[in-house]
Structures are given as C-alpha cells and as structure tokens.
Amino acid sequence: MIHLLPLMLERVGILIILAFVLSQFKIFRHMVHNRRGRVGTLLLIVVFGLFGVISNYTGIEIHLNEVVSQNWLSGIDSSSAIANTRIMGVSIGGLLGGPLVGLGVGLIAGLHRYPLGGFTALECAISSVLAGVVSGWLGNWYRRHGLVPPWFAALVGMAMQAVEMLLIVLFSKPYGDAVMLVQTIGMPMILLNGFGTLLFMLIIRSILKEQERQSASQTQLAFHIADRTLPFFRQGLNPDSCREAAHILLRLTEADAVSITDRTHILAHVGAAADHHVAGQEVGTELTRTVLEQGKLMLAHLPQHIRCSHQDCPLEAAVVLPLLVHGEAVGTLKLYFCQANHLSKVEQELAEGLGKLFSAQLELAEAEQQSALLKTARIKALQAQVHPHFLFNAINTISVLCRTDSERARRLLLELGTFFRSNLQGAQQLLVPLHKELDYVEAYLQLEQARFPDKYKVELHIEPGLEQVQLPPFIIQPLVENAVRHGFRRLQTLGLIRVTVSSVAGELKLIVEDNGTGIAADRLALLGQETTSSSEGSGTALYNIRERLEGIYRHAASFAIRSVEGEGTAIHITLPLQYQEGGKVHADSVYRG
C-alpha cells in the first residue's frame, strides 16, 4: 500500500498540471465562472469527461497486491484491476456543474473504463456514474449557502472513492481477490483522490476569486473615473468640459489617447497624435460616424480601421463608444492605443462601462438643465404678477389730477412708466441691484401717496456701499404695499414703514416693518406657506416671495414674519451676499464693503 502512494501522487499531479494549464485560458475561466446554458453545460461535461478518460489511460495496473504495469493502459488482464484518479475528475465535474454535468461526466468516464477490462470493470463504471450524480446533488445543495469550499470538495471526493471501494468488495468476484485489492489500493486512492480534489478546487477557487477581484477593481476604477468626471459632464458636451474629462480618462486608464466628440466635431483630444487630431475639427473617420449612426460600441484593431489620413499617426487600435441621451447618440468617447495588443478585453469592458456611466451623467445634466429652465420660468412668471387693482387705482388717481394738478399728473405718469418698466425688466432677470429695487419702491410710493396723502410715511435705512448688491426683484415693494393695504387699513394714527438693509457676516439682512394693526396669531402661521381666502388679503405676495427665495437660493435664504396685534408687523429676510448659480459665482453679487 505504501509503495502505491508516490505512484498515485504522480497521477494526481498530471491532472493538477492540466487544471493549471486550462486555468490560463479565458474560455475555461468563463466556463467555470458562468456555466449556465446548454453550451456551458456541454463544455463542462466534455472537459471533465476527458479528465476521467485521461485518468483511465494513466492508471496503474494491479494484480492482487502487486503493481503489474505503469504504462499507458489500453486494456488489462481479466484478473487485474486499475488504480487511478477517475473519481476525482467525476466528483469535481459534478460539484461544479450539478447532477446533469455529473451524470454526463460519469457516463463518459465509466463507459470508457468498462472496455479496459479487469474483474472490477463493471463496479468501476457504475461507481463513476453514481459519483457524478451524488457529487452534483451535493454541489447544488451547498451552493445555496455559497461557493463550494475546497475542504467540502475533498470530503466528497474521498467519500465517492470509498463508495467505489465498497462496491468492489460487495460485488466483484472472486471475493478474496476483491478484498485483497481494496486492502492494497483503497487507502491510497481515497487519500490521494481527496487531496487531488482539494488542490483542483483551490485552483478553481483562485479563478473565481481573481475574476471577482478584477471585476471589483474595474468597477471601482469606473466609479472613480465617473466621480472625477461628473462635474464636467454635468455641464454637457462642450470643449472645456470634455477637455477636462479627457485628461482625467487619460491619466486613469491605460489608453494612449482619449477623444470626445459630439455628432459633428471633435470636442477634445489629449494624448498621442494630438498634433493632428485637433479639437474643433469635423468628425473624419468612418468608424466614428458608424458608431453615431448605430449607437453601438465598435473596435479598431488595425491602423487602417482607424483611417487616419496622417502618414505618421502612431495610433493602431481604438475602442469607440456612443454617448447616449434617451437612446440617441449625441457624441462618442474614443480610447486610442499605440499598440494593438494593449486593447485588451479588460480595457474594452472598462470603456463600455464608462460609456454607460457618462451617458447617464449627460442625461442627468439635461434633466437638471430642464429643471432649471422650468424653475426659472416659474420664478419669472411669479415676478411678472401685478395686481390689476393697483393699475386701475393709479389710472383713476392720475385722471382726477389731470383736472386739478396737471403737472403732478405728468410726474405720476412718469412714475407709472418707471414702475412698469421696472416690472418688465425684473421679469427678465433673476437678480437686480438694490438701487433698482429701491427705485421701484419709490415709484410705487409716489403713486400711492397721491391717493392717500399724509396717511403714512416711509423711512429707508440703507447701509452705505450696498447699492450694487444683487437681490431678487419685487422683494421690498410687495412688503411695503402689504403694509399700506393691510397694515394701515384701520389705523387712526400716522402709519410708519421702516425699510432697513444691512450686511452681517457675509449675509444681507433686509427688514420691512410697520406700526400697523398687526396679524392675528392663527393667520400668521399660514402666511408665506400658502395662499388663503380672507377679507384681510390672500397672502399671495408673501407666498410669492418665499417661493422665489427658495427657488433661487434653496436653503441659503431665510424668510420670517413677526407680528403682534395692535403693534405692527416685521418681515425679516436674510440672503447670501455671494450667490452661486450652476456652480459659477456671480461676481457682481459679492459685497466687498
């Protein structure tokens, strides 16, 4: 028995060497990693069936307890038997492929073993099929809990070999020879088949782990690149953003050059051949035009496929991907290589993943742009609102003054023109200088005080140097109008409106307060949050202001109403002095007092 161990170890080594060689081929890696489908199942049956056939041919002929032959076996004497590693290949095939693969491998190995002869031929053939089916069932059962571990595979291999020894003892004739044979080869075959199965599964496990590490590394790199390029692709396809994104891609991939185009022109090209592949040129290659038309990835493995007209162009291979927005190609991403063999499957898959991520980023950029346009349109619609009653009252006042004070009527017409000119200009701009907003307030006050002379007065307290600070139009005037229309409605004394504008810690503080009748507590909670139906006003102006501040500044602005019945109301607004829109700082909105 002892002298059989090194001989069996040699046979195990043959299969392990074959397994290692096969592991270097992509087709075998893919087959092990993804065995689903008829083709994958058939390939597993053929490969591991061949392992069983090789084990039969390389077996050791045993007569009673003596080694008869170690040569390539094509047949043996009817009183002899074979010590081999057949069960090892069958068990591994079943563990990896399931019962169907195990059955197929067992049939190939068993049917090949039976014609070789010997007094254990039938038992060996039957045990091969049985080992394949049982290993496949055990493999399926264990895979529900995760990947089959090598130690479990080794135990299965040893158990299946022990079953074969049991069948030989129970059914092989003569019984005495069968017992002697099992005493001689039983333990070496059980141990070494288990050891060989362990080594084989370690190789298989390394294949799977390597693919997982490679996929994880590739995915991490793709997301890292996407994260670095996101700020640029969110700006859409333009020369500046594409040039920055191309530099990032060139630095983080194995490509020798990176090019980005829209449907008609090269937007950026960095890296090799940048001397004649110049941004701004029209898309010149048939390959790029085909990708734009079909919206599918294409490869160039030869310089003639790239079709560069420059005689000394160093680019030999390329992967060209469409950049899709809503399923339509709006541009291409091209990774170039100076040596064709550098365009590996890994680089191709990375480029394909990046193409999908960049397409998603471009769709996100378009969605954000549309959202911004809708938000701007809504804000401008809110800005353009003018109460019709104000216009009618102003016209009626001026028409009366035309009979009694024509000069004052002329001045009020000029103020009315100023008022509506400011309204039109404000509806076209998100921000205006503070001094224009104050002119708008002054025009309104001139028209209103013509109707209600000596009913109220207005005090302006403006911190020097803030006249050019930018703020949304129609912020102060509606607050002043609210005080006039609602705060002083039942007031018997002189009304006072105080407007205060100051800067504190990088913020613009704006307060409009009055000494009017104030607001009831139950109504105060709703003002600015929604419009209401009330004899005291709908709150549309306050709601309008809050909505515009939220739309323009998001959470960087604040709006608060403080009021006490019988004492007055104060509106507090805080705005950032440095306002950013679309990632760019509005230089004219930065106060540098």
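Just so it is clear, the structure is predicted and the values come from calculations on it, not from any experiment.
- Between I92 and F48, some side-chain heavy-atom pair lies under the 4.5 Å cut-off.
- Nearest heavy-atom pair, R86 versus C124, reported as atom, atom and distance to 0.1 Å: NH2-CB, 3.4 Å.
- When every heavy atom of L315 is checked against every heavy atom of A272, the shortest pair comes out as CD2-CB, 4.0 Å.
- For residues 247-290, the set of pairs meeting the ring-ring contact (aromatic ring centres under 6.0 Å, His included) definition, not counting sequence neighbours, comprises H269-H277, H269-Y336, H276-H310, H277-Y336.
- Listed by first then second residue, pairs satisfying side chain to side chain donor-acceptor pair (under 3.5 Å) with a partner in residues 249-259 number zero, not counting sequence neighbours.
- More than 12 heavy atoms of other residues, nucleotides or ligands lie within 6.0 Å of CZ in F152, so this atom counts as buried by the packing criterion.
- To the nearest 0.5 Å, the span separating OG1 on T120 from CG on L167 amounts to 11.0 Å.
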- request: Decide ring-ring contact (aromatic ring centres under 6.0 Å, His included) for F51 and F200; before the verdict, give the C-alpha distance in whole Å, the side-chain angles of both, and the deciding distance to 0.1 Å.
  value: CA-CA 12 Å; F51 272 69; F200 199 113; 5.4 Å; yes

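- Atom CZ in F119 sits 10.5 Å away from atom CG in D77 (nearest 0.5 Å).
- Side-chain atoms of S80 never come within 3.5 Å of backbone atoms of I76 as a donor-acceptor pair (strictly under, hydrogens ignored).
- Between L96 and M201 the shortest side-chain heavy-atom distance falls below 4.5 Å.
- Side-chain N or O atoms of R113 include one that pairs as donor or acceptor with a backbone N or O of G117 at under 3.5 Å.
- Judged by distance alone, with hydrogens and angles left aside, the side-chain atoms of S135 form no donor-acceptor pair with the main-chain N or O of G132 at under 3.5 Å.
- A distance of 11.5 Å separates CH2 in W151 from CG in L198, rounded to the nearest 0.5 Å.
- The side-chain contact (heavy atoms from CB on, under 4.5 Å) test with I60 singles out one residue from E10, M8, M189, and that residue is M8.
- Closest heavy-atom contact between Y114 and A125: CB-CB, 4.2 Å.
- The shortest side-chain heavy-atom distance between V67 and E61 does not fall under the 4.5 Å cut-off.
- For the pair T288/K334, a side-chain contact is recorded, criterion being any heavy-atom separation below 4.5 Å from C-beta on.
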field: Check against side chain to side chain contact (heavy atoms under 4.5 Å, CB included), E282 and T264
entry: CA-CA 6 Å; E282 291 187 1; T264 57; over 6 Å; no

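- Between atom CD of residue E244 and atom CG of residue D240 there is a gap of 7.5 Å, rounded to the nearest 0.5 Å.
- Side-chain atoms of T332 and L292, non-hydrogen and from C-beta on, do get closer than 4.5 Å to each other.
- From L321, atom CG reaches atom CG of L299 across 8.5 Å, with rounding to the nearest 0.5 Å.
- Residues L73 and N56 have side chains not in contact (no heavy-atom distance under 4.5 Å, counting atoms from C-beta outward).
- One N or O on the side chain of H63 and one on the backbone of S79 form a donor-acceptor pair closer than 3.5 Å.
- Closest non-hydrogen pair, I82 versus I185, comes out as O-CD1, 4.5 Å.
- Two residues are said to be in side-chain contact when any heavy atoms from C-beta on lie closer than 4.5 Å; V320 and L297 fail this criterion.
- Of all heavy-atom pairs between A273 and P314, the closest is CB-CD, 3.9 Å.
- The side-chain heavy atoms of L323 and R263, taken from C-beta on, include no pair separated by under 4.5 Å.
- Using a distance-only test at 3.5 Å, with no hydrogens or angles considered, a donor-acceptor pair links the side chain of R11 to the main chain of T58.
- Applying the side chain to side chain donor-acceptor pair (under 3.5 Å) definition to pairs two or more places apart or across chains, those involving residues 192-201 are Q161-N193.
- Taking both residues in full, the closest heavy atoms of M165 and G186 are given as SD-CA, 3.6 Å, listed atom of the first, atom of the second, then distance.
- Remark: H112 NE2 to S55 OG distance equals 10.5 Å, nearest 0.5 Å.
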